[in-house]
**Q** 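Structure provided below as structure tokens; questions to follow.
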Amino acid sequence: MREVKYQLFSDYPVYEGNDLGAIVNSGKTCFKLWAPEAKEVKLRLYKTGDGDKLIQTVSMVASEQGTWSYHTNENLHGVYYTYQTLYNDQWNDEVADIYARTSGVNGHRGMVVDLNKTNPKNWEDDQKPALNNINDIILYELHVRDISSHNSSGITDKGKFTGLVEEGTKSPDGLFTGLDHIKDLGVTHVHILPAFDFHSVDEAGDLDSQFNWGYDPVNYNAPEGSYASDPYNGEVRIQEFKQMVQGFHKAGIRVIMDVVYNHTGPGENSTFNQLVPDYYYRQWEDGKWSNASACGNETASDRAMMRKFMIESVAYWANEYHIDGFRFDLMGIHDIETMNQITDTLKAIDPSIFIYGEGWTAADSPLKEKDRALKAHAKQMPDLAVFSDDMRDAIKGHWSDYKQKGFVSGKKGFEESVKYGIVGSVQHPDIDYSKVNYSKEPWANTPSQTINYVSCHDNHTLYDKLHESNPNATEEQIMAMHRLANTIVLTSQGIPFLHAGVEFGRTKFGVENSYNAPDSINQIRWGLKAINHSQYVYYRNLIQMRKNHPAFRMSSTKDIQDYIKIRNDIKYDNVIAYNIAGAQLGDEWEDIFIVFNGKNKSVTYPFNGDGYKLICDGREIDEDGLSIDITKGKKIIVPPHSAIIMVK
């Protein structure tokens, strides 16, 4: 229960400074907390992040714009601290600082940190890999543990930040794993599932017997301790996170953080709510907490100090950790104005930082729909991208209906939705928008606002989804559908997104929601790379083809409208064909002709082009040309569940 000094949350004073938290500067340390309704605030200093080694208890002094402060002439680097606030003559729980930059074990105490002491060797020389155009991005989503936890990874630091960037690791079959695998695959960005300090893993327990995706935040500005070699030392987790970023950058790969500002792990007992009761969370008119996250609470990005917190948090990660982009979980819970201010702030730091998110909520919210950062409102947020569930569910079938087939497995009626994704969700004269599954109009201003994907950490892996929806299909047929699905993604306009391991048929053994399933379900089994090596080679060549040819990476809607022509001479359901006028785009391929056949039988398609070569037959990709003959008179034969690409 809160004090009633202010009648409305909008009456709370807004602190305009940029020094909240524990700041070490010129050998001095300043603590500053915003808690405008508190009657008193205690600061406690500890030698360790847990236990009873109390150094000192300090009564903080009320200061400007609702803040409380304490200054000392000592450099308190390595000292742990908590805050405790008094409301209605009762002391709330002793908690960490929401601005804590690192923490002790399990995040119960923040740690004062002199950030200059946390930099790994040569950190000042860290360089972001070149990125000429946003449309050049190819995203690869991974979880810190999944890459390394299986013995077949050959990685020493299993489940750790540093394990992600070990060099020279190989599977028992002698094939690249981990960092060298990702580098060989050719993606440009790794998207790392939540790696800030989260609630659900006991950092003091047996880490090999615990697993979570991490979508239950505790300390947003501190790295997760279970991914560090020493979760008890707050300095170590910072240094090793920086080593991870540095290692990816050295390998030519940029780093995306998955951020979850839409809710906190704990609710009423969270650090936010103990320090400033109710303020950081939305409520319905009757005072009941709202829950658009479906996780027990939702934060109020439209309130000034929550908005400030979000903006300062992402700026901190971008500046201090050299982070190259941010993916916003359930972004529709946030308001449009906040997301635009975030993108403005990040683009001012580095114009190449990439921002994207889920353009939906998990439930209703008190935030008016017109103000939500939804997919349908993407045009009002021109500097960020949104996931296309239109294309995702059209390609493979609805995410929540396990048995529903999609375009690649022969279901009729998804053709226009796939075409919608091919043109990057923008306006195009050859699309019948009335037949698109979710969106009846284009929602993207430019193709760079569209994230095209068919699978991610959520729900079944692509391999498992295809098995669930095609129980009588052979392994060969499943793998053909699998290749077709991401051939569509990687030849479409927009930003392609791949789920780690999809390139060699990763499975989670049919487990649909593996957020807290054990390693045995979630880990990548690197032996699959040898078993499905031809699949891996196909994906690698597909990625390289996209990178080699600007025709697949157009940056303007006008170019897409002018130079993509979707063919209308089709006699079949589940078949899509189109041309790209490559010469007009500076591509060495003058014309590109693509056919997608989702049917379970071959089809013949009229093709009168002379001087073309076949570079993709659905099984192989070779830009020099395949020797296979797929012609039949003035027609080509397109195998079942396959893509044909011919170029001139």
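Remember, it's a predicted structure, so these values are computed and weren't measured experimentally.
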**Q** Regarding K42 and the six-membered ring of Y83, is the cationic atom NZ or CZ under 6.0 Å from the ring centre and inside 45° of its axis?
**A** no

**Q** Looking only at side chains, do R254 and S352 share a donor and an acceptor under 3.5 Å apart?
**A** yes

**Q** For residues S439 and K375, is any side-chain donor paired with an opposing acceptor at under 3.5 Å?
**A** yes

**Q** Nearest heavy-atom pair of D97 and A22: which atoms, and what distance?
**A** OD2-N, 4.0 Å

**Q** So H457 and W213, ring pair (Phe, Tyr, Trp, His ring centres under 6.0 Å) or not? Walk me through it.
**A** CA-CA 9 Å; H457 68 279; W213 285 339; 4.7 Å; yes

**Q** Can you find a side-chain donor-acceptor pair between S229 and E240 that sits under 3.5 Å?
**A** yes

**Q** Between Y46 and R109, is there a cation-pi geometry (under 6.0 Å to ring centre, at most 45° from the normal)?
**A** yes

**Q** Just checking, is any N or O donor in the side chain of S313 or Y261 under 3.5 Å from an acceptor N or O on the other one?
**A** yes

**Q** Consider only side-chain N and O atoms of H191 and D258, and report whether a donor and an acceptor are under 3.5 Å apart.
**A** yes

**Q** Is it true that the side chains of Q341 and E337 contain a donor and an acceptor less than 3.5 Å apart?
**A** yes

**Q** Hey, are Q127 and H322 close enough side-chain-wise for a donor-acceptor pair under 3.5 Å?
**A** no

**Q** Quick one: do the S200 and N212 side chains pair a donor with an acceptor below 3.5 Å?
**A** yes

**Q** Between Y99 and F309 (judged by ring centroids, cut-off 6.0 Å), do the two rings come close enough to count as a pair?
**A** yes

**Q** Counting only pairs under 3.5 Å, give me each side-chain donor-acceptor contact of residues 49-65, with atom names and distances, residues two or more places apart or in other chains.
**A**
unit_1	atom_1	unit_2	atom_2	d
Q65	OE1	E16	N	3.1

**Q** Testing the 3.5 Å rule here: is there a donor-acceptor pair between the side chains of D389 and W360?
**A** no

**Q** Looking only at heavy atoms, what is the nearest atom pair of P366 and Q283, with distance?
**A** CG-O, 3.5 Å

**Q** Would Y215 and H199 count as having a side-chain donor-acceptor pair, cut-off 3.5 Å?
**A** no

**Q** Just by distance, no angles: are the side chains of H249 and D126 close enough, under 3.5 Å, to form a donor-acceptor pair?
**A** yes

**Q** Assess the residue pair F241 and W317 against the criterion (ring pair (Phe, Tyr, Trp, His ring centres under 6.0 Å)); give the C-alpha distance rounded to whole Å, side-chain angles, the decisive distance to 0.1 Å, and a yes or no.
**A** CA-CA 11 Å; F241 193 109; W317 285 103; 5.2 Å; yes

**Q** When D335 is tested against each of K370, R303, R307 for side chain to side chain donor-acceptor pair (under 3.5 Å), which residue passes?
**A** R307

**Q** Does the side chain of T188 pick up a donor-acceptor pair with the side chain of Y140 at under 3.5 Å?
**A** no

**Q** Looking only at the side chains, is there a donor atom on one of Y12 and E37 sitting less than 3.5 Å from an acceptor on the other?
**A** yes

**Q** Of the non-hydrogen atoms in L275 and L33, which two are nearest, and what is the gap between them?
**A** CD1-CD1, 3.9 Å

**Q** Work out which heavy atom in H108 is nearest to a heavy atom in T82; give both atom names and the distance.
**A** O-CG2, 3.9 Å

**Q** Not counting sequence neighbours, which residues clear salt bridge (Lys or Arg N to Asp or Glu O under 4.0 Å) with E358? List them please.
**A** R327

**Q** Side chains of E298 and S365: do they bring a donor and an acceptor to under 3.5 Å?
**A** yes

**Q** Do F387 and F497 have ring centroids that are under 6.0 Å from one another?
**A** yes

**Q** Under 3.5 Å, side chain of K242 to main-chain N/O of W123, donor-acceptor pair present?
**A** no

**Q** Do S149 and K158 meet the criterion of a side-chain donor-acceptor pair at a distance under 3.5 Å?
**A** no

